[in-house]
Protein chains: 2
Amino acid sequence: MDLRHLHTFVAVAEERSFSRAATRLRVAQSAVSRTVQALERDLGRPLFERSRHHVELTKTGLATLDSARAALAAAEAVRAAARQTCPCALSPTP
Amino acid sequence: MDLRHLHTFVAVAEERSFSRAATRLRVAQSAVSRTVQALERDLGRPLFERSRHHVELTKTGLATLDSARAALAAAEAVRAAARQTCPCALSPTP
DNA sequence: TTTTTTTACGACACACGTAACAATG
DNA sequence: CATTGTTACGTGTGTCGTAAAAAAA
């Protein structure tokens with residue numbers, strides 16, 4: 001499980017398009033395709049129904065989307081928690 | 001930000017030792033050391049106070065630990081949500 | 001000396017971009 | 001023909017394990 005995978009998954013789900021997601025993420029379409037494949041392999045379920053000209057979420061994709069967003073938010077929260085400590089922190093334990 | 005980094009961080013924090021964390025995670029100590037370094041570099045803050053014979057959390061490390069656990073749990077929740085859909089799911093949209 | 005963390009080195013896996021393919025409208 | 005998603009290939013970055021180094025009890 002990789003946060004980058006989830007980020008890509010959410011982008012494709014929101015854009016309903018691999019190519020638009022690629023544009024948004026500023027990577028090549030092939031990278032998006034492979035990343036989603038990797039996540040689907042990891043979860044053991046297809047996340048999208050690829051019909052040549054439009055992309056649709058599977059049931060699994062739909063059920064997973066919210067928790068994927070939550071996981072990304074949780075990761076952001078980690079960064080926020082670290083930043084929240086005093087500007088340039090060591091803890092001298094005085 | 002990488003979930004593997006967080007996993008390693010939590011292990012070291014719980015064991016208060018790089019070497020015991022390495023044993024628990026079944027990797028070499030050097031890998032643990034480098035992974036924690038990478039996370040600290042990513043967050044821009046030291047997470048541990050290394051005194052040769054014992055490891056202690058910095059303020060940042062302490063403030064970050066809970067959210068790190070939460071992020072790992074959120075990632076697990078993604079997997080659970082995917083598994084929760086019917087045994088071997090496609091969505092035939094009938 | 002034993003135990004701890006860090007650094008150097010070589011090997012392997014993963015992800016990227018470019019480019020070529022396949023398929024639909 | 002234009003657009004969309006996938007696959008092939010070469011390249012670079014990251015991570016691993018082993019091994020050596022540095023420091024303290």
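This is a predicted model, so every value here is computed, not measured. Chain naming here is simple, since letters A, B, ... match the order of the sequence lines and numbering starts at 1 in each.
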d([atom1], [X]; [atom2], [N]) in whole Å:
| X | N | atom1 | atom2 | result |
| --- | --- | --- | --- | --- |
| F18(B) | dC16(D) | CZ | P | 14 Å |
| F48(A) | dT4(D) | CZ | C1' | 15 Å |
| R26(A) | dC16(C) | CZ | C1' | 16 Å |
| L3(B) | dT15(D) | CG | C1' | 16 Å |
| R50(B) | dT5(C) | CZ | P | 9 Å |
| L47(A) | dT6(D) | CG | P | 12 Å |
| H5(A) | dC14(C) | NE2 | C1' | 9 Å |
| D42(B) | dG14(D) | CG | P | 12 Å |

Least distance between heavy atoms, [X] atom then [Y] atom:
| X | Y | value |
| --- | --- | --- |
| L43(B) | M1(B) | CD2-CE, 4.0 Å |
| A74(A) | A71(B) | CB-CA, 3.6 Å |
| P46(B) | T60(B) | O-CB, 3.8 Å |
| R16(B) | L57(B) | NH1-N, 3.8 Å |
| V36(B) | F48(B) | CG1-CD1, 3.7 Å |

Have a look at V27(A) and say if it touches a base, only the backbone sugar-phosphate, or nothing, with a 4.0 Å heavy-atom cut-off.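 Result for V27(A) = sugar-phosphate.
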
Per-nucleotide pairing state of DNA chain C [Watson-Crick or G-U, under 3.5 Å; [ ] pseudoknot-crossing; | other strand]: |||||||||||||||||||||||||

Closest to the S19(A) side chain, choosing from dT5(C), dC16(C), dT4(D):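 Minimum distance to the S19(A) side chain belongs to dT4(D).
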
Out of dT7(C), dT4(D), dC16(D), whichever nucleotide has its closest atom nearest the side chain of Q37(B):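 Closest of the options to the side chain of Q37(B): dT7(C).
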
Within the structure, does a side-chain N or O atom of [X] lie under 4.0 Å from either OP1 or OP2 of [N]?
| X | N | result |
| --- | --- | --- |
| T35(A) | dC16(C) | yes |
| H54(B) | dT3(C) | no |
| R20(B) | dT3(C) | no |
| S33(B) | dT6(C) | yes |

Taking NZ, NE, NH1 and NH2 as the nitrogens, is one of them in R24(A) or E14(A) under 4.0 Å from a carboxylate oxygen of the other?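 Salt bridge between R24(A) and E14(A), a charged N being under 4.0 Å from a carboxylate O: yes.
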
Identify each atom pair where a protein N or O and an N or O of nucleotides 18-21 of chain C are less than 3.5 Å apart, giving names and distance.
unit_1: dT18(C); atom_1: O4; unit_2: S30(A); atom_2: OG; d: 3.2

Check whether any side-chain N or O of T8(A) sits under 3.5 Å from a backbone N or O of R4(A) as a donor-acceptor pair, and report yes or no.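 Between the backbone of R4(A) and the side chain of T8(A) there is a qualifying donor-acceptor contact (under 3.5 Å).
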
Inter-residue atom distance L47(B).CG - H5(B).NE2, 0.5 Å rounding: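 Output value for this atom pair is 11.5 Å.
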
Do R45(A) and T85(B) have side-chain N/O donor and acceptor atoms under 3.5 Å apart?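 Judged by distance alone, the side chains do pair up.
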
Criterion salt bridge (Lys or Arg N to Asp or Glu O under 4.0 Å) on R69(A) and E76(A), from CA distance to verdict: CA-CA 11 Å; R69(A) 288 203 183 98; E76(A) 254 337 284; over 6 Å; no

